[in-house]
Visitor: 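One structure, pasted below without further comment.
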Amino acid sequence: MIDPKLFRTDLDAVIANLARRGMTFNQQEYLELEESRKSLQMKTQELQNTRNSRSKSIGKAKASGEDIQPLLDEVATLGQELDDAKNAFEAVQIKLDDLFSGLPNLLDDAVPEGKSEDDNIEVRKWGEIPTFDFEPKDHTEVGEAIAGLDFAASAKLSGSRFAVMRAGVAKMHRALIQLMLDTHTEQHGYQETYVPYLVSPHCLYGTSQLPKFADDLFTVQGTTQDDKPLYMIPTAEVPLTNLVREQIIDEKDLPIKLTGHTPCFRSEAGSYGKDVKGLIRQHQFEKVELVQIVKPQDSMQALDELTGHAEKILQLLELPYRTVILCGGDIGFGATKTFDIEVWLPAQNTYREISSCSNMGDFQARRMQSRFRNNETGKPELLHTLNGSGLAVGRTLVAILENYQTAEGKVRVPEVLKPYMKVDEIG
RNA sequence: GGAGAGGUGGCUGAGUGGUCGAAAGCGGCGGUCUUGAAAACCGUUGAGGGGCAACCCUCCCAGGGUUCGAAUCCCUGCCUCUCCGCCA
């Protein structure tokens, strides 16, 4: 959520910033709501003040044995008046909250202007694009040819957008998770963290998947006593970031750097016809996530570092990639600045997203009430949160199947995975 | 699944329907003392919000209710702990 104070102190700047996302802000509606909020709030508080002071005098009068009936008569109508004012105020407050929680984060100055992914700007490129003396096959063909990917089986079990992996491919999939977690914990200073895969709605509100993106989520009925559904996590960002929800962190414990491997579940509503084949877009996929909780002044540098940590995995795997900064029209809802890392896929002859690394600023922290105690002022202040994939495991597997395929139809094992795989090639 | 206990500030923990946003201790901050530190002593110290301001409002797990007035009484929910049973 954007700081509501900004709307009162610098409305023009907020509107101009939202416009960079292609959003038009209904200023008229906001100003009307804000005006009634102000008058209703002041009226309500005034009535509460009256009630409080009258009640106190009743208490005193009673203690000194006076007749309190005249005082009781005096406050007789106050209750109803107060209830009415309170209800009116709450109704306006709810409308304002709805308005605010539907608004995306403000963009950092460094975010380029643009309408779509075509306007994202490449910031660096790494690795050499491999050449083949045969026509490189798509990852589904490679995987099915070596009996490692079985989409007929997954379709039978669960329908489309699921996968069954077998033998060497399944093992490589697991080895990638190991490599990623080992690298981030041993070289990048993250703490390995195991978290629930089902979470309460509060968590999803905190990281801003709710209320706006409910359609993208799966729910599980009957998991709690009051029969309210739990949500299946769409990313480990949700449980990892929510670990600091409603917490005041000691400044000396910052930054907090967490990594975890989880399955991710996404309904992929609205992506009909997109990436229907293969592992690229699944209802269930594995991801190793990176999350950092930092002081506000450290967050932009932390974003650069976190992006580098994700890139490191591709470098270890010797997979060519490029890093782009997302433009205003393509950046996610809660992010103030985002780098996407895109890996080279020979069969598509293009780069495809394999990681998205974002600085959320205080957007999530405000929703979660996640704060740290500033040792200089002694006061709690909002934290900044960051997250990034380090990496999406399925898509990394796709990249290896395509980039490391041989003319014989097998797949070489990247050097760094050999200690985990104990073989030189699969197939 | 059965039985019981309990949720109060950064932490531990008191709290009789009426100056209780809340004792006490710990921790934090400031000071005295000291070459410096520790100890001791003194002072100070919850959060959120509104208002130009004076100042005011809200918050004792959450949501309802009773009352002129609720941390305190009543109902519902959530969570934690202990014991028994079952279980990977």
Side-chain angles (χ1 to χ4, degrees), chain A residues 1-10 30-31 33-97 99-101 194 196-206 220 222-231 239 242-254 256 293 295 362 365-383:
Chain A
M1 192 152 78
I2 303 171
D3 186 352
K5 278 184 198 144
L6 274 181
F7 287 86
R8 275 175 249 152
T9 56
D10 208 353
Y30 164 73
L31 288 174
L33 280 173
E34 170 59 16
E35 198 182 310
S36 45
R37 187 229 97 220
K38 190 166 166 178
S39 63
L40 284 169
Q41 181 161 7
M42 287 174 69
K43 184 181 175 193
T44 304
Q45 295 190 351
E46 209 171 296
L47 286 167
Q48 284 172 325
N49 185 16
T50 309
R51 180 205 59 192
N52 291 346
S53 54
R54 294 299 156 83
S55 293
K56 270 182 192 172
S57 24
I58 291 175
K60 277 181 195 164
K62 206 176 175 186
S64 59
E66 294 170 33
D67 179 16
I68 59 170
Q69 194 53 49
L71 289 167
L72 288 180
D73 295 341
E74 202 177 325
V75 293
T77 57
L78 197 61
Q80 189 57 47
E81 210 178 329
L82 179 58
D83 277 351
D84 292 345
K86 218 191 257 181
N87 288 338
F89 171 59
E90 272 167 19
V92 170
Q93 195 62 54
I94 286 169
K95 280 187 189 166
L96 270 174
D97 283 347
L99 180 71
F100 287 142
S101 62
Y194 172 84
Y197 304 156
L198 302 178
V199 295
S200 71
H202 302 101
C203 292
L204 290 147
Y205 177 78
V220 181
T223 46
T224 59
Q225 288 193 346
D226 60 345
D227 233 32
K228 282 182 193 144
L230 288 175
Y231 288 81
N242 273 281
L243 286 172
V244 294
R245 181 155 55 93
E246 290 160 40
Q247 295 266 305
I248 298 175
I249 307 293
D250 206 319
E251 190 175 350
K252 70 176 182 338
D253 294 329
L254 296 171
I256 295 172
I293 314 292
K295 288 190 272 181
D362 61 13
R366 183 169 292 106
R367 289 175 167 227
M368 297 189 298
Q369 280 304 300
S370 299
R371 293 165 294 170
F372 73 102
R373 193 169 296 280
N374 184 326
N375 282 341
E376 281 180 26
T377 62
K379 295 290 176 192
E381 294 175 18
L382 289 173
L383 289 157

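So that the names make sense, note that chain A is the first sequence line, chain B the second, and so on, each numbered from 1. As a basis for the values below, the full set of heavy atoms in this structure was taken, side chains included, without hydrogen atoms, waters or symmetry mates.
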Visitor: For the CD1 atom of A:I249 and the CD atom of A:E381, what is their distance to the nearest 0.5 Å?
Guide: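 Atom-to-atom, A:I249:CD1 and A:E381:CD are 14.0 Å apart.
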
Visitor: Rounding to an integer number of angstrom, what distance separates B:C68 and B:C75 when you compare their C1' atoms?
Guide: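 The answer is 23 Å between these two C1' atoms.
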
Visitor: Test for a donor-acceptor pair under 3.5 Å between the base of B:G18 and the side chain of A:K62, counting only N and O atoms.
Guide: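 Pair found.
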
Visitor: What is the pairing partner of B:G1, taking Watson-Crick or G-U wobble pairs with both distances under 3.5 Å in any strand?
Guide: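 Pair assignment: B:G1 / B:C84.
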
Visitor: Does B:U35 pair with anything, Watson-Crick or G-U wobble, both distances under 3.5 Å, and if so, with which nucleotide?
Guide: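 Partner of B:U35: none.
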
Visitor: Within the structure shown, what part of the strands sits under 4.0 Å from A:R8 by heavy-atom distance: base, sugar-phosphate, or nothing?
Guide: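 A:R8: backbone/sugar contact only, no base atoms under 4.0 Å.
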
Visitor: Which value, in whole Å, describes the distance between the P atoms of nucleotides B:A39 and B:G63?
Guide: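 Approximately 42 Å lies between the P atom of B:A39 and that of B:G63.
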
Visitor: What's the gap between B:U76 and B:C83 when it is taken at their P atoms, as a whole Å value?
Guide: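 Result for the P pair: 27 Å, nearest Å.
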
Visitor: Which whole number of Å gives the distance between the P atom of B:C60 and that of B:A71?
Guide: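 Straight-line distance between the two P atoms is 7 Å.
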
Visitor: When both hydrogen-bonding distances must be under 3.5 Å and the geometry is Watson-Crick or G-U wobble, what is B:C52 paired with, if anything?
Guide: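 Paired with no nucleotide.
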
Visitor: Mind checking who B:G6 pairs with, Watson-Crick or G-U wobble, both distances under 3.5 Å?
Guide: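 Answer to the pairing question: B:C79, which forms a Watson-Crick or G-U pair with B:G6.
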
Visitor: B:C68, B:G48, B:C56: which one has an atom nearest the side-chain heavy atoms of A:R371?
Guide: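 Nucleotide nearest to A:R371's side chain: B:G48.
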
Visitor: Taking only Lys NZ, Arg NE, NH1 and NH2, and the carboxylate oxygens of Asp or Glu, determine whether A:D250 and A:K252 approach each other closer than 4.0 Å.
Guide: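 Salt bridge flag = yes for A:K252 with A:D250.
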
Visitor: Go ahead and name the base partner of B:C11; Watson-Crick or wobble counts if both distances stay under 3.5 Å, otherwise write none.
Guide: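 Base-paired to B:G25.
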
Visitor: OP1 or OP2 of B:C56 less than 4.0 angstrom from a side-chain nitrogen or oxygen of A:R51, does that happen here?
Guide: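 A:R51 to B:C56 OP1/OP2: no side-chain N or O under 4.0 Å.
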
Visitor: Side-chain N or O of A:N52 versus OP1/OP2 of B:C56: is the shortest distance under 4.0 Å?
Guide: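 For B:C56, neither OP1 nor OP2 has a side-chain N or O of A:N52 closer than 4.0 Å.
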
Visitor: Which of these nucleotides, B:G18, B:G49, B:G51, is closest to any side-chain atom of A:S55?
Guide: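 That would be B:G18.
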
Visitor: Taking A:N242 for its side chain and A:C203 for its backbone only, find out whether a donor-acceptor pair lies under 3.5 Å.
Guide: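 Yes; judged by distance alone, with no hydrogens or angles, the pair exists.
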
Visitor: Under a 4.0 Å threshold between the charged nitrogen and the carboxylate oxygen, would A:E34 count as salt-bridged to A:R37?
Guide: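 So A:R37 pairs with A:E34 through a salt bridge.
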
Visitor: Taking any heavy-atom pair under 4.0 Å as a contact, classify A:K379: base, sugar-phosphate, or nothing.
Guide: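 Since only primed, P, OP1 and OP2 atoms lie under 4.0 Å of A:K379, the category is sugar-phosphate.
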
Visitor: For A:N49 and B:C56, is the shortest distance between a side-chain N/O and OP1 or OP2 below 4.0 Å?
Guide: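 It does not, given that no N or O in the side chain of A:N49 lies less than 4.0 Å from OP1 or OP2 of B:C56.
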
Visitor: Measure the CD-CG distance between A:Q48 and A:L78 for me, rounded to the nearest 0.5 Å.
Guide: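 Interatomic distance, A:Q48 CD to A:L78 CG, rounded to 0.5 Å: 10.0 Å.
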
